[in-house]
There are 4 protein chains.
Amino acid sequence: MFIELDLQSENPLYEQLIDRLIEGIASGALKPGDPLPSVRNLAESLGINLHTVNKSYTLLKQDGFLQVHRKRGVIVQPDAMPGVTAEFEAKLFRQLRSLAAEAAVRGMTEEAFVNQCRRLYGDAIRKRGGDGQ
Amino acid sequence: MFIELDLQSENPLYEQLIDRLIEGIASGALKPGDPLPSVRNLAESLGINLHTVNKSYTLLKQDGFLQVHRKRGVIVQPDAMPGVTAEFEAKLFRQLRSLAAEAAVRGMTEEAFVNQCRRLYGDAIRKRGGDGQ
Amino acid sequence: MFIELDLQSENPLYEQLIDRLIEGIASGALKPGDPLPSVRNLAESLGINLHTVNKSYTLLKQDGFLQVHRKRGVIVQPDAMPGVTAEFEAKLFRQLRSLAAEAAVRGMTEEAFVNQCRRLYGDAIRKRGGDGQ
Amino acid sequence: MFIELDLQSENPLYEQLIDRLIEGIASGALKPGDPLPSVRNLAESLGINLHTVNKSYTLLKQDGFLQVHRKRGVIVQPDAMPGVTAEFEAKLFRQLRSLAAEAAVRGMTEEAFVNQCRRLYGDAIRKRGGDGQ
DNA sequence: GTGGTCTAGACCACT
DNA sequence: GTGGTCTAGACCACC
């Protein structure tokens, strides 16, 4: 799990971190039950503040992607991952609609757009069953 | 062009307005050369601040989606729309990667995800050749 | 809305504030659509930190009790309040079970316990339709 | 007395254990004078730290629910259980007020709320006179 | 040592 | 002026 954050991005750090962690779960680099670094460790290794990491963890916990175990610290959800909720569908709809419209206006064909979607989904799960590093 | 903005959204109003306008262009509701309402008019009819509309127009002009004519006011780009720039590709990549990863983790299959992408692209251009009002 | 927090309580301040605000909504002191003090104002008038108030507001927003309006600031949910979710039922179950067991062991009769429950529910909604102060 | 603790709960383990033991007394599974497992045994069978069990026992002893006999070890209070103290009344008041308010806001009727209270009280004492194992 | 909470002070985007 | 984000430093409860 090498995580890099873009300090210049318009996206807040805690959201970038959330994205990287979900991508890690999708790719299999982070497997159900795997321990995550402590808030302090991760903050230090990323060069950001402890509270920022804590916010990411807390939000991921609220959504069911992580669990906070009394003794084991923070771990990847070992039971069922959250499914496709209405909230996620709404978010997916909103963001895809906006991206699709701009792609169309810019002259990207449906096939080019759809292929990109397919490619990135494939990339996301590429390492599934892999080594975890 | 009925435009609705969500005052409770986390997305800033000016971005929502940009999205709606690009969607209007994609769908054909706004055609190249079509005049847009004046900043003042649109602001009033949407019930938002004049500066907010102005910001949206300015950004769309910078990206080449709109033109400001001395007398005709703001119009939809009558010449070539901006193409698929590196910037847009990067944005598309970033957002799709994040959405795809979350979709995968939530158990959405590749086909379901890709179909949703295709459907929304189709929706975006559905009215092309239509009346535009 | 006179709110008092117990700085000595074992309950965190942000939870106490959440409780007081929900009680305010239940009693009718806070009506749907009513504006809430700004984060800074409330923090100052309560003598606590701005971030603590912010945390309470954020959690109440996530649960659907409050809305954050672009222009109007934070307001009480003007549409439908969140209903009896599975999460709330679980929380209610857990806490009531524990309280009921201890009450029983301490010799409180079922009628005494139930009456207390009824009385506090009545208290909670007592001012409904009242003046709002 | 099958006790299960939730390692992911926000409630500390020692509080969960206290709750389970009081529920055991309420239901009759634990009768006045009954011996409790030693700190060491219980800790091992629950898979938690010895100090955690010790803390629960100590607090229950302080409140009068348990006694520590020189030779018989820890036993359930054989004489009069602690009654309805001012402290307990205050705790009951605080927690019920908060739950009742949230229930009301979420649209739970007084009857539904009170019925749930009555049901859980009934559940708590259901096994009284039963076998205790 | 862990996460949770609170305080303090600062900057920014949005309206 | 509003909420949102980030940093910094501190204390505490739990294990």
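The sequence lines fix the lettering, A, B, ..., with proteins before strands; numbering per chain opens at 1. Here the structure is a predicted model, which is why all the values come from computation and not from measurement.
Look at CD on D:Q8: it is 18 Å from P on F:dC14, rounded to the nearest Å. As rounded to whole Å, 12 Å separates atom P of F:dC6 from atom CG of A:D6. Atom CG in D:L17 sits roughly 14 Å away from atom C1' in F:dC15 (whole-Å rounding). Look at CD on B:E10: it is 14 Å from C1' on E:dA13, rounded to the nearest Å. Look at CZ on A:R72: it is 15 Å from P on F:dC15, rounded to the nearest Å. When the P atom of E:dC14 is taken as reference, atom CG of B:L7 falls 15 Å away, rounded to whole Å. Rounded to an integer number of Å, the gap from CG of B:L5 to C1' of E:dT15 is 13 Å. Distance, A:N49 CG to E:dC11 P: 16 Å, rounded to whole Å.
B:H69 meets the side chain to side chain donor-acceptor pair (under 3.5 Å) test with B:Q67; sequence neighbours excluded. C:K91 is linked by a side chain to side chain donor-acceptor pair (under 3.5 Å) to D:E102, counting only residues two or more places apart in sequence or in another chain. Every residue meeting the side chain to side chain contact (heavy atoms under 4.5 Å, CB included) condition with D:V39, not counting sequence neighbours, appears here in chain and number order: D:L50, D:V53, D:N54, D:Y57.
Secondary-structure stems of DNA chain F, taken as three or more successive Watson-Crick or G-U wobble pairs (i with j, i+1 with j-1) under a 3.5 Å distance threshold, comprise E:1-14 with F:1-14.
The nucleotide whose nearest atom lies closest to any side-chain atom of D:L13 is, among F:dT7, E:dC6, F:dC15, F:dC15. Closest to the A:P12 side chain, of the nucleotides F:dC15, F:dC6, E:dT7, is F:dC6. For A:R70, counting side-chain heavy atoms from C-beta on, the closest listed nucleotide (E:dT7, F:dC15, E:dT15) is F:dC15.
D:Q95 contributes atom CD, which lies 11.5 Å from atom CG of C:L120 (distance to the nearest 0.5 angstrom). Taken to the nearest 0.5 Å, the CG atom of A:L60 stands 7.0 Å off from the CD1 atom of A:I25. Atom CD1 in D:I22 sits 11.0 Å away from atom CG in D:L30 (nearest 0.5 Å).
Among residues at least two apart or in separate chains, salt bridge (Lys or Arg N to Asp or Glu O under 4.0 Å) pairs with a member in residues 7-20 of chain A are A:R20-A:E23.
In C:Q62, the CD atom is crowded: over 12 heavy atoms of neighbouring residues, nucleotides or ligands sit closer than 6.0 Å. Enclosure of atom CD in B:E44 is not indicated, since only 12 or fewer non-hydrogen atoms of other residues, nucleotides or ligands lie within 6.0 angstrom.
Judged by distance alone, with hydrogens and angles left aside, A:H69 brings no side-chain donor or acceptor close enough to the base of F:dC15 to form a pair under 3.5 Å.
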Between the protein and nucleotides 1-4 of chain F, are there any N/O to N/O pairs under 3.5 Å, and if so, what are the atom names and distances?
{"from": "F:dG3", "atom 1": "OP1", "to": "C:V39", "atom 2": "N", "distance (Å)": "3.4"}
{"from": "F:dG3", "atom 1": "OP2", "to": "C:V39", "atom 2": "N", "distance (Å)": "3.0"}
{"from": "F:dG3", "atom 1": "N7", "to": "C:R40", "atom 2": "NH1", "distance (Å)": "2.9"}
{"from": "F:dG3", "atom 1": "O6", "to": "C:R40", "atom 2": "NH2", "distance (Å)": "3.3"}
{"from": "F:dG4", "atom 1": "OP1", "to": "C:K61", "atom 2": "NZ", "distance (Å)": "3.3"}
{"from": "F:dG4", "atom 1": "OP2", "to": "C:N54", "atom 2": "OD1", "distance (Å)": "3.4"}

